[in-house]
There are 2 protein chains.
Amino acid sequence: MLVARKNLKRRAPRLRDPERTRQRLLQAAFREVYRYGFQSAGIDTILAATDVTKGALYYHFESKDALGYAIIEEIVAEMTRDRWLRPLQRSKDKDPIDALIGIVRAIPAGPRNLKGGCPLVNLAQEMSQLHEQFRKRLERIFHAWQEGIAMALRRGQHEGTVRRDLVAEETASFLVAMVEGYEVLAKNAQDAKVWNMGIGNIVGWLSSLRAPGSRKRG
Amino acid sequence: MLVARKNLKRRAPRLRDPERTRQRLLQAAFREVYRYGFQSAGIDTILAATDVTKGALYYHFESKDALGYAIIEEIVAEMTRDRWLRPLQRSKDKDPIDALIGIVRAIPAGPRNLKGGCPLVNLAQEMSQLHEQFRKRLERIFHAWQEGIAMALRRGQHEGTVRRDLVAEETASFLVAMVEGYEVLAKNAQDAKVWNMGIGNIVGWLSSLRAPGSRKRG
DNA sequence: CCACCAACATACCAACCAGTCTGCATGATC
DNA sequence: GATCATGCAGACTGGTTGGTATGTTGGTGG
């Protein structure tokens with residue numbers, strides 16, 4: 001007598017908006033990866049955070065690795081562009097030191113960022129030694145970041161606002177290292193004071209890059 | 001008629017040296033954790049790298065977490081003491097800036113360290129937001145590290161070799177952030193040139209901490 | 001020489017994991 | 001209005017995971 005019941009309870013009317021589904025997946029996956037790391041982020045956990053199913057995920061992404069690549073190239077890279085490269089582009093008529101100080105000061109110190117640290121560092125630390133495909137993609141971001149800073153510094157050297165005795169690429173990498181380093185310290189301390197102290201130190205160092213005779217700090 | 005055969009093939013004469021067994025486990029676990037991260041390091045993989053069995057592991061360590069704590073407190077902490085705190089102690093009669101420059105220059109840039117980065121940063125990045133017990137133990141190390149540097153700087157200020165206008169704790173944390181930051185960059189780039197450039201930048205910055213009138217770089 | 005305990009060895013387990021497979025609804029096309 | 005590809009839904013699978021239960025030694029005190 002057992003009638004084979006079809007137990008397919010539709011959860012919601014199908015969206016039929018594949019691009020939107022893809023974006024939802026990407027965002028949820030990013031949050032999970034940001035929190036637990038790529039390796040420890042579970043596919044099922046990601047799906048549970050959305051109303052998307054496994055079928056949809058593997059329709060849009062070939063594998064978990066492919067999902068990771070998309071996170072790096074579409075979300076993490078975009079964050080760097082948004083926070084560093086575009087502001088540097090926008091302030092092409094200003095003193096680059098001022099622009100950099102403004103950018104560093106604008107990095108949010110809210111509890112979320114404090115807890116999770118910098119997504120770029122997180123992924124790089126976890127994956128770059130294990131997975132060459134991840135490493136290459138992450139390095140592109142680091143490179144673009146440093147190159148953006150270096151370009152601004154070179155312009156400043158040309159315009160006379162930045163000391164001419166320093167090598168732009170080296171100084172740019174130094175700034176990146178400082179930011180990333182304090183990001184690590186603040187994340188471990190889970191304390192906004194650590195981060196604010198770091199900002200202060202970095203800003204002070206940035207000021208020391210001004211060309212002698214250039215405007216002093218306002 | 002099936003006689004229950006005892007299939008216990010002894011692998012080697014029992015060592016009967018529990019402390020040695022514990023150390024072997026710790027070292028193998030450290031290597032695995034260093035490579036793959038704590039969460040992704042598998043118990044079975046660790047055991048496969050030694051000739052120790054699961055029974056022995058769970059005799060010496062209550063859980064995987066306990067094993068992680070031991071790695072932090074007995075291996076990672078010891079590395080920091082060995083590389084930073086003891087050299088600073090030993091050079092109590094020297095200029096602390098010279099001592100710090102020597103220490104930074106002595107950080108190995110070989111392919112192994114380059115690949116894996118700094119174990120302290122690796123663990124902190126992975127665990128500090130997920131697991132309070134890990135975070136607390138790691139923070140103790142960071143704190144001791146910074147405090148060791150700060151003490152040396154204070155002594156230098158007292159003796160007149162270090163600028164008096166800087167706050168020792170802040171400067172110490174800045175140095176730590178720089179080292180950790182370049183550690184991240186070098187690990188991602190997988191390139192010794194990045195690390196050497198970082199050393200150069202850090203040494204240059206350290207030199208700028210000398211008190212005016214104090215001996216110039218030799 | 002026997003009891004006992006530290007120090008393991010090994011089989012086993014439930015939970016979880018990334019990934020697959022089959023099926024089905026829906027809008028576009030002819 | 002039949003056909004078909006797109007865009008999924010969801011059960012299932014083989015392998016791996018940390019952890020446990022139970023057994024087995026070698027040394028040692030009595």
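Here is how names work: the chains are called A, B, and so on, in the same order as the sequence lines, proteins then strands, and each is numbered from 1.
- Residues passing the side chain to side chain contact (heavy atoms under 4.5 Å, CB included) test with A/R31 are A/Q27, A/A28, sequence neighbours excluded.
- Using a 4.0 Å cut-off, some side-chain N or O of B/K64 falls inside it from OP1 or OP2 of D/dG18.
- Residue A/L47 contributes atom CG, which lies 14 Å from atom C1' of D/dA11 at whole-angstrom precision.
- With sequence neighbours excluded, the residues satisfying side chain to side chain contact (heavy atoms under 4.5 Å, CB included) with A/E32 are A/Y36, A/A41, A/T45, A/I46.
- Look at CZ on B/R20: it is 16 Å from P on C/dA7, rounded to the nearest Å.
- For C/dA7, neither phosphate oxygen OP1 nor OP2 lies less than 4.0 angstrom from any side-chain nitrogen or oxygen of B/T21.
- Taking every heavy atom of residues 25-43 of chain B and every atom of DNA chain C, no pair lies under 4.0 Å.
- Qualifying side chain to side chain contact (heavy atoms under 4.5 Å, CB included) partners for B/K54, counting only residues two or more places apart in sequence or in other chains: B/I43, B/D44, B/L47, B/Y58.
- For the pair A/Q125 and B/V121, the tightest heavy-atom approach, listed with the atom from each and the gap, is NE2-CG1, 3.8 Å.
- Taking the side chain to side chain contact (heavy atoms under 4.5 Å, CB included) definition, one finds that A/Q89 meets it with A/K92, sequence neighbours left out.
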With the criterion being N/O to N/O and under 3.5 Å, what pairs connect the protein with nucleotides 14-16 of chain C, and how long is each?
none

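- Judged as a ring-ring contact (aromatic ring centres under 6.0 Å, His included), the pairs with a partner in residues 167-190 of chain A (not counting sequence neighbours) are, in order, A/F174-A/W205, A/F174-B/Y182, A/Y182-B/F174.
- Less than 4.0 Å separates DNA chain D from at least one heavy atom of each of the following residues of residues 55-62 of chain A: A/G55, A/A56, A/Y59, A/H60.
- Screening residues 167-182 of chain B for salt bridge (Lys or Arg N to Asp or Glu O under 4.0 Å), with sequence neighbours left out, gives B/R154-B/E169.
- Proximity of the aromatic rings of A/Y69 and A/F134 is defined here by a centroid distance below 6.0 angstrom, and this criterion is met.
- Nearest-nucleotide positions on DNA chain D for B/D65 and A/E19 put A/E19 closer to the 5' end.
- Residues satisfying the side-chain hydrogen bond (donor to acceptor under 3.5 Å, both in side chains) criterion with B/H143, sequence neighbours excluded, are absent altogether.
- With sequence neighbours excluded, no residue forms a side-chain hydrogen bond (donor to acceptor under 3.5 Å, both in side chains) with B/Q190.
- Partners of A/D82 under the salt bridge (Lys or Arg N to Asp or Glu O under 4.0 Å) rule, at least two apart in sequence or in another chain, are A/R86.
- The side chain of A/K54 has C/dA18 as its nearest neighbour among C/dA18, C/dT10, D/dA9.
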